[in-house]
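Below you'll find the structure, written out as structure tokens, and then a few comments.
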Amino acid sequence: MAGSALSAIAARTTLAAIALALLASPGLYALVRGAGHRTSAAEGMLLVAVILGLALLIWGELRLVPSRALNHFIAAAHDQATRFETALDNLTQGVCFFDGAQRLLMANRRYAEIYDLPADLVVPGTTLGAIITYRHQHGTSPGMAPGAYLAWRRRLSLTNQPSDTEVTTAAGRIITIHHRPTLDGGWVSTHEDVTERRRAQARIAHLACHDMLTGLPNGAQLRQHLNEVTTNAVAGRMSALLILDLDRFKSVNDSLGHLVGDALLRAVADRLRAAVREQDLVARLGGDEFAILQTDIDDEAKATALARRIIDIIAAPFDLAGQQLSIGTSIGIVLCPRHGTRPEEVLSNAGMALYDVKTQDRGRFQLFCPAMEERLHLRRSIEADLATALVARQFVLFFQPVVSAATGNVITFEALVRWQHPEHGLIPPDMFIPVAEATGVIVPLGEWILYAACAEAARWPSPIRVAVNLSAVQVANGQLVEVVSGALRATGLAPHRLELEITETMVLADTEAVHLTLAALRELGVHISLDDFGTGYSSLSYLRKLPFDRIKIDRSFIRDLGEERESTAIVGAIVGLARTLGLTVTAEGVETEDQSRILTELGCTDMQGYHFGRPEPNPQPARPRQIFVSAA
Ligand code: C2E
Ligand code: MG
Ligand code: MG
């Protein structure tokens, strides 16, 4: 009686000891042999054999001890077995033992939990087949048929090799299984549910290469794909990288708030995703910048067609919570491998192409070309050298005549600034005025222009006037009236011989402040012209409210005169309007005899353009100009 109880306890103790030894063996060996060392099959089996030997030895010894001592020992062994069992049941891993006939010897509580097994399927003697069949029916076995699963386990026992596998159950749980063979042809295995850990790892990996706001791949992932595209280039095939920058996004974000801005970016991401093929990659690079990697195309027309489509798609109004928003996009395109064979080169060239579009005309696309590099170099020089150019006396004024349609005489010379750059030669104003405005250099530069223009005009015969262009920054600066009166005083030019040209955008910027400044300038006796009329918002209300003397019709309307009926009608209407308001009109950009004739017929009084004279450094006020004089 005591003997059989003893043997049962010894058997349980031994099994539990084996289990713990197996679980602990990698740790023990790691301690003894150094971290990172994995238990080999031979080492594992040796350990199991040692423990079994010890257990048998103990059991053999126990049969010889007297019964009181035996009872005491049985109680101690029972306690020990209970402790082992408690330890097993509290492991975070599931543990089970099977014998050589694939019958369960023992399983802990966690094993039953992981596979959702009922109590009667974890009693010793249960066959592996019964457990697998149950698991298959309840979605806790890997997505393979029970027969295949059993055959796999059998193969493992036959090879007598340890194995580590990770399986995903039909219900989507991820389980890692460590299988170790035992001496009787069975095995002990540990099972761990790593689903949450794997999900957290996947989330971290996703965050590392995706943009949180839109869920699109981020710049890091784009670089990875670019790397693949550039290293696996196939002869005759190409890829295109399109870099997009949204136009007017900043004003939506600033005026309607970040929540609307965020919603807009998400809506843009959705449209872009829907616009490309599955194999293409849409990424958000940050802010309002996106990228599309169009892979495996046969010619550049595919890339430009996509760019055209994207521009239309983004230009269509967005409906966000009942609000209609309109934005646009500019796109720079680079072809691989034609324009670059390394990811950084491709990205940098695409950025250059985008920059080129944005500095010219937004809402368009531009294919990279090597000349852009030169242009960028020029722009960088402009930014770097502008601050010292004024002190170095590198600015010069050119003058272009404005003639009277009635007499052919010059009535005004418009002063147009140029920068005589020591490396790049004569740089036109469109290239440096925006930089001067952004850096504030325009204030001292504008002051110099005013003084120089007035000084030049003071030498011309009266009543020839000089026209000086003003920048919005100068008007907003608050010093303008003082500067103008100072220039007039210093040069002795009569105020009525100075005309100041301002643009529509300036008028819209701050009506009240602009109104006061213009009124004060008018008080001085200078004339004020509205330049480039028709290119801005062309709101007629400020024509009535603000004290203008002259309207200059933008050359884009003059260019199409005689060819497009609309342009002729618009110019006619502006001339009529100006006459009603008591203003004079100058037509800008008159290049041909025909344009001059039509303008005269439409009643335009003054004209400016290459047909009458180009801007030049030494104006000749006395030289008569050839103009068409209407027969009427
Ligand atoms: P804007 O005031 O409209 O000046 C007229 C521009 O049209 C000048 O270009 C002139 O050369 C050009 N132009 C004149 N006639 C013709 C023509 O028949 N055909 C064509 N295609 N173009 C013609 P420019 O000198 O390059 O000046 C460009 C712009 O730069 C000016 O436009 C003005 O907005 C700005 N700007 C020029 N000088 C100054 C300045 O001193 N101060 C400020 N703030 N801006 C200036
Ligand atoms: Mg002008
Ligand atoms: Mg103009």
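When a ligand or atom number is given, it counts from 1 through the structure's own listing order.
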Residue-atom pairs from the protein, N, O or S only, that lie under 2.8 Å from the Mg ion (ligand 2)
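Under 2.8 Å from the Mg ion (ligand 2) - ignoring waters, which are not counted - the protein N, O or S atoms are E414 OE2, N469 OD1, E501 OE1, D531 OD2.
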Any side-chain donor near an acceptor of the partner, [X] and [Y], under 3.5 Å:
X: D245; Y: S330; value: no
X: E373; Y: N349; value: no
X: Q608; Y: T586; value: no

Closest approach of F612 and S596, non-hydrogen atoms and distance?
CZ-OG, 4.0 Å
Considering all heavy atoms, the nearest A487-T491 contact
O-OG1, 2.7 Å
Pair E593 + R597, salt bridge at N-O below 4.0 Å
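Salt bridge between E593 and R597, a charged N being under 4.0 Å from a carboxylate O: no.
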Rounded to the nearest 0.5 Å, what separation is found between the OG1 atom of T592 and the CG atom of L561?
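Here the interatomic distance stands at 8.0 Å.
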Pairs of nitrogen or oxygen atoms closer than 3.5 Å, one from Q400 and one from ligand 1: do any exist?
yes
Side chain or backbone, does Q608 bring an N or O within less than 3.5 Å of an N or O on ligand 1?
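There is no such contact.
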Within-shell test, R614 vs ligand 1, heavy atom, strictly < 4.0 Å:
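In this structure, R614 fails to qualify as a contact of ligand 1 - no heavy atom is under 4.0 Å.
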Closer than 4.0 angstrom: is that true for some heavy atom of R418 and an atom of ligand 1?
yes
Heavy atoms of the protein only: does one fall short of 4.0 Å from atom 24 (P) of ligand 1?
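It does: a protein heavy atom is found less than 4.0 Å away from atom 24 (P) of ligand 1.
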